[in-house]
K.L.:
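What follows is a structure written as structure tokens; I'll ask about it next.
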Amino acid sequence: MAARRGDTLLFERMPVIASHAAVGGKKEGEGPLAAEFDELFPDNNCGQANWETAEKILQLRAARLCLKKAHATEKQVSLVLAGDLQAQCTASSYALRELHLPFVGLFGACSTMAEALGLGAALCSAGLADGLLAMTSSHFCAAERQFRTPLSYGAVRTPTAQWTATAAGCCLLHPAGQGVGLAAATFGRVEDYQIKDINNMGAAMAPAAAATLLRYLHDTGQEPKDFDAIYTGDLGHLGSRLFREILTAEGLVMKNHIDCGSILYDAARQNVKSGGSGPGCCAAVLCGHILPRLERGSYRRVLFIATGALMSQTTFLQKESIPAIAHLVELRGPECTARG
């Protein structure tokens, strides 16, 4: 079971991530983390007729690879928690139409992976789920068409803009056993600093990431130095700088902060402006980059803070500001998990 302390759930008997898989597209295959993906598609269509269906394929491949790596079958999955950026989370819904498993759709925008892990850990800890899949995805072309301008318009991207990852990540959770432990989860609160520029998601999300981290540290009595690394989801280069500035003003100097959106691509060579974004960005970096380091013992304790901008097409056109949220999970390597 979990104990609640403030906004944070503490899992005395840690659920574990038993297996994980990361899938990406063409641009991800050209980036610095290419070798850490389980599968890369040579083009963004993934062999499909449209981008939205291609994103469904990303989720299907991530789920099936995750199960294959665990030597498990779909019959051993009791629940799937999944979400994406498409309206009504259709990439997830259409993927689950083929998997035909119990499904709860989530929407936290780019924060969805941490949301799914936190909820999944709570369900596993309470004995309500076993063999639970936590999964998210995004697709650059589908997201641009939905939230900004169709690619054929050739719109100029601003320096603050980020590149939505064409990627998916999936984790298999068990209540106990071998794997990376989920020690705690802090569910964030909606923050709104009145940012209205849809091409500046990092500035909109940075305050939410800082607020959730501060609540976790207050709830647990931990300090940033207690962790090998503190990963944010997809603040990008600009948002990461703002995140650290906010925390410096609170008296915290972040020497171990890494942003998934800042390491997924080579910003200068790949022309992604301020870095990567999208639910698939932090999910793929988590599954391909962070979790293997915990399994090998390169890391012992890590905080994973996924951030999401909660606007819609409608609110943007109505000139609304962009509210944001961040969810946090504490991850521990197998050695720490065994010790508790």
K.L.:
Do Gln76 and His71 meet the criterion of a side-chain donor-acceptor pair at a distance under 3.5 Å?
P.N.:
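His71 and Gln76 do not have a side-chain donor-acceptor pair below 3.5 Å.
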K.L.:
Working to the nearest 0.5 angstrom, can you tell me the gap between Lys273 NZ and Leu238 CG?
P.N.:
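If I round to the nearest 0.5 Å, the distance is 13.5 Å.
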K.L.:
Is it the case that one hydrophobic cluster holds both Leu286 and Val302, taking links as side-chain heavy atoms less than 4.5 Å apart, direct or via other members?
P.N.:
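Same cluster: Leu286 reaches Val302 through Ile, Leu, Val, Met, Phe, Trp or Tyr contacts under 4.5 Å.
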K.L.:
Are Val180 and Leu65 connected, step by step, through hydrophobic side chains (Ile, Leu, Val, Met, Phe, Trp, Tyr) whose heavy atoms are closer than 4.5 Å?
P.N.:
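No, Val180 does not connect to Leu65 through the hydrophobic network.
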K.L.:
Can you confirm whether the side chains of Asp130 and Ser78 place a donor and an acceptor under 3.5 Å from each other?
P.N.:
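Their side chains do not contain a donor-acceptor pair, so the 3.5 Å distance test is not met.
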K.L.:
Measure the shortest side-chain to side-chain distance between Arg296 and Leu294 over non-hydrogen atoms and say whether it is less than 4.5 angstrom.
P.N.:
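Not in contact.
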K.L.:
Return the minimal non-hydrogen interatomic distance between Leu9 and Arg4, and the atom names on each side.
P.N.:
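Of all heavy-atom pairs spanning Leu9 and Arg4, the closest is CD2-CB, 4.1 Å.
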K.L.:
Is any NZ, NE, NH1 or NH2 atom of the basic residue among Glu191 and Arg215 found under 4.0 Å from an Asp or Glu carboxylate oxygen of the other?
P.N.:
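Result for this pair is yes, salt bridge flagged.
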K.L.:
Go through the structure and list residues passing side-chain hydrogen bond (donor to acceptor under 3.5 Å, both in side chains) with Asp228, not counting sequence neighbours.
P.N.:
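Not a single residue meets the side-chain hydrogen bond (donor to acceptor under 3.5 Å, both in side chains) criterion with Asp228.
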K.L.:
Just wondering, do Ile263 and His289 contact through their side chains at under 4.5 Å, heavy atoms?
P.N.:
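His289 vs Ile263: side chains touch.
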K.L.:
Is any side-chain heavy atom of Cys141 closer than 4.5 Å to a side-chain heavy atom of Thr166?
P.N.:
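The answer is no; the side chains never approach within 4.5 Å.
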K.L.:
Does either side chain, that of Arg241 or that of His237, offer a donor lying less than 3.5 Å from an acceptor on the other one?
P.N.:
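Distance-only check fails for Arg241 and His237.
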K.L.:
Would a single hydrophobic cluster contain both Phe107 and Phe103, if residues Ile, Leu, Val, Met, Phe, Trp and Tyr are joined by side-chain heavy-atom contacts under 4.5 Å?
P.N.:
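No, because Phe103 and Phe107 fall into different hydrophobic clusters, even though each may have its own neighbours under 4.5 Å.
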K.L.:
Above 12 or not: heavy atoms from other molecules or residues under 6.0 Å from OH of Tyr193?
P.N.:
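Counting neighbours around OH of Tyr193, 12 or fewer heavy atoms of other residues, nucleotides or ligands fall under 6.0 Å, so no.
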K.L.:
Hey, could you give me the CD1/CG distance between Ile230 and Asn256, rounded to the nearest 0.5 Å?
P.N.:
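Going from the CD1 atom of Ile230 to the CG atom of Asn256 covers 4.5 Å.
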K.L.:
Looking at Thr315, is its backbone amide N or carbonyl O close enough to the side chain of Ser312 to form a donor-acceptor pair, meaning the two atoms are under 3.5 Å apart?
P.N.:
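Judged by distance alone, yes, a pair lies under 3.5 Å.
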K.L.:
Check for a donor-acceptor pair, side chain of Thr8 on one end and backbone N or O of Tyr216 on the other, with a separation under 3.5 Å.
P.N.:
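Such a contact is absent between Thr8 side chain and Tyr216 backbone.
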K.L.:
Check each of Lys56, Arg64, Gln59 against Glu98 using the side chain to side chain donor-acceptor pair (under 3.5 Å) test, and report the only one that passes.
P.N.:
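The passing option is Lys56.
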K.L.:
More than 12 non-hydrogen atoms from neighbouring residues, nucleotides or ligands closer than 6.0 Å to CD on Gln88, yes or no?
P.N.:
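No, CD of Gln88 has 12 or fewer neighbouring heavy atoms, counting only those of other groups under 6.0 Å.
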K.L.:
Could you tell me whether Lys69 atom NZ has more than 12 heavy atoms of other residues or ligands within 6.0 Å of it?
P.N.:
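Correct, the count exceeds 12.
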K.L.:
Out of Thr212, Asp192, Val190, which one pairs with Ile325 under the side chain to side chain contact (heavy atoms under 4.5 Å, CB included) rule?
P.N.:
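That would be Val190; it is the only one of Thr212, Asp192, Val190 passing the side chain to side chain contact (heavy atoms under 4.5 Å, CB included) with Ile325.
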K.L.:
Is it true that Ser137 and Asp84 share a donor-acceptor pair across their side chains at a distance under 3.5 Å?
P.N.:
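Side-chain D/A pair, Asp84 to Ser137: absent.
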K.L.:
When rounded to the nearest 0.5 angstrom, what distance separates CG in Asp259 from CG in Leu235?
P.N.:
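With rounding to 0.5 Å, CG (Asp259) is 4.5 Å from CG (Leu235).
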K.L.:
Ser321 side chain to Ile195 main-chain N or O, any donor-acceptor pair under 3.5 Å?
P.N.:
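No, because the side chain of Ser321 does not come within donor-acceptor range (under 3.5 Å) of the backbone of Ile195.
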K.L.:
Can you tell me if Gln270 uses its side chain to pair, donor with acceptor, with the backbone of Lys27 under 3.5 Å?
P.N.:
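Yes, because the side chain of Gln270 sits within donor-acceptor range (under 3.5 Å) of the backbone of Lys27.
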K.L.:
Are Leu172 and Met14 linked, directly or through other ILVMFWY residues, by side chains that come within less than 4.5 angstrom of each other?
P.N.:
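No: no chain of side-chain contacts under 4.5 Å links Leu172 to Met14.
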K.L.:
Rounded to the nearest 0.5 Å, how far does CD1 of Ile57 lie from CD of Glu52?
P.N.:
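Atom-to-atom, Glu52:CD and Ile57:CD1 are 13.0 Å apart.
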K.L.:
Measure the shortest side-chain to side-chain distance between Leu101 and Leu79 over non-hydrogen atoms and say whether it is less than 4.5 angstrom.
P.N.:
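Contact flag for Leu101/Leu79 side chains = no.
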K.L.:
Within a strict 4.5 Å, meaning less than it, do heavy atoms of the Met201 and Ile322 side chains meet?
P.N.:
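In contact.
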K.L.:
Quick one: do Arg300 and Glu295 satisfy salt bridge (Lys or Arg N to Asp or Glu O under 4.0 Å)? Show the steps, please.
P.N.:
CA-CA 9 Å; Arg300 298 179 71 252; Glu295 289 168 340; over 6 Å; no
K.L.:
So do the side chains of Pro207 and Ile246 get within less than 4.5 Å of each other, counting heavy atoms only?
P.N.:
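In short, these two side chains touch, coming nearer than 4.5 Å.
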K.L.:
So, Asp7 versus Thr186: side-chain donor-acceptor pair below 3.5 Å or not?
P.N.:
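Result is no, nothing qualifies.
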K.L.:
Are any of the side-chain nitrogens in Arg332 or Glu330 under 4.0 Å away from the carboxylate oxygens of its partner?
P.N.:
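Salt bridge flag = yes for Glu330 with Arg332.
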K.L.:
Are the side chains of Cys282 and Tyr231 in touch, meaning some heavy atoms are under 4.5 Å apart?
P.N.:
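Side chain of Cys282 against side chain of Tyr231, heavy atoms only: no contact under 4.5 Å found.
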K.L.:
For Glu55 and Ser138, does a side-chain donor sit closer than 3.5 Å to a side-chain acceptor?
P.N.:
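No pair is found: no donor N or O on one side chain lies under 3.5 Å from an acceptor on the other.
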K.L.:
Just checking, any donor-acceptor pair under 3.5 angstrom between side chains of Tyr265 and Glu30?
P.N.:
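Judged by distance alone, the side chains do not pair up.
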K.L.:
Parallel, tilted or perpendicular: which one describes the rings of His327 and Phe187, with boundaries at 30° and 60°?
P.N.:
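The rings of His327 and Phe187 stand perpendicular, inter-plane angle above 60°.
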K.L.:
Leu264 and Leu33: which non-hydrogen atoms are nearest, and at how many Å?
P.N.:
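For Leu264 versus Leu33, the nearest heavy atoms are CA-CD1, 4.0 Å.
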K.L.:
Can a side-chain donor-acceptor contact be found between Thr307 and Asp234 if the only test is distance below 3.5 angstrom?
P.N.:
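Judged by distance alone, the side chains do pair up.
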K.L.:
Mind checking the OH-CZ spacing from Tyr299 to Phe227? Nearest 0.5 Å is all I need.
P.N.:
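Tyr299 OH to Phe227 CZ: 13.5 Å, rounded to 0.5 Å.
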K.L.:
With sequence neighbours left out, what residues match Glu245 under side-chain hydrogen bond (donor to acceptor under 3.5 Å, both in side chains)?
P.N.:
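Partners of Glu245 by the side-chain hydrogen bond (donor to acceptor under 3.5 Å, both in side chains) criterion come out as none, since no residue qualifies.
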K.L.:
For His139 and Asn44, test the side chains for any donor-to-acceptor distance below 3.5 angstrom and give the result as yes or no.
P.N.:
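The answer is no; no qualifying pair exists.
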K.L.:
Side chains of His257 and Ser240: closer than 4.5 Å at any heavy-atom pair?
P.N.:
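SC-SC contact between His257 and Ser240 confirmed.
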K.L.:
Report yes or no: do Ser111 and Glu115 form a side-chain donor-acceptor pair below 3.5 Å?
P.N.:
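The answer is no; no qualifying pair exists.
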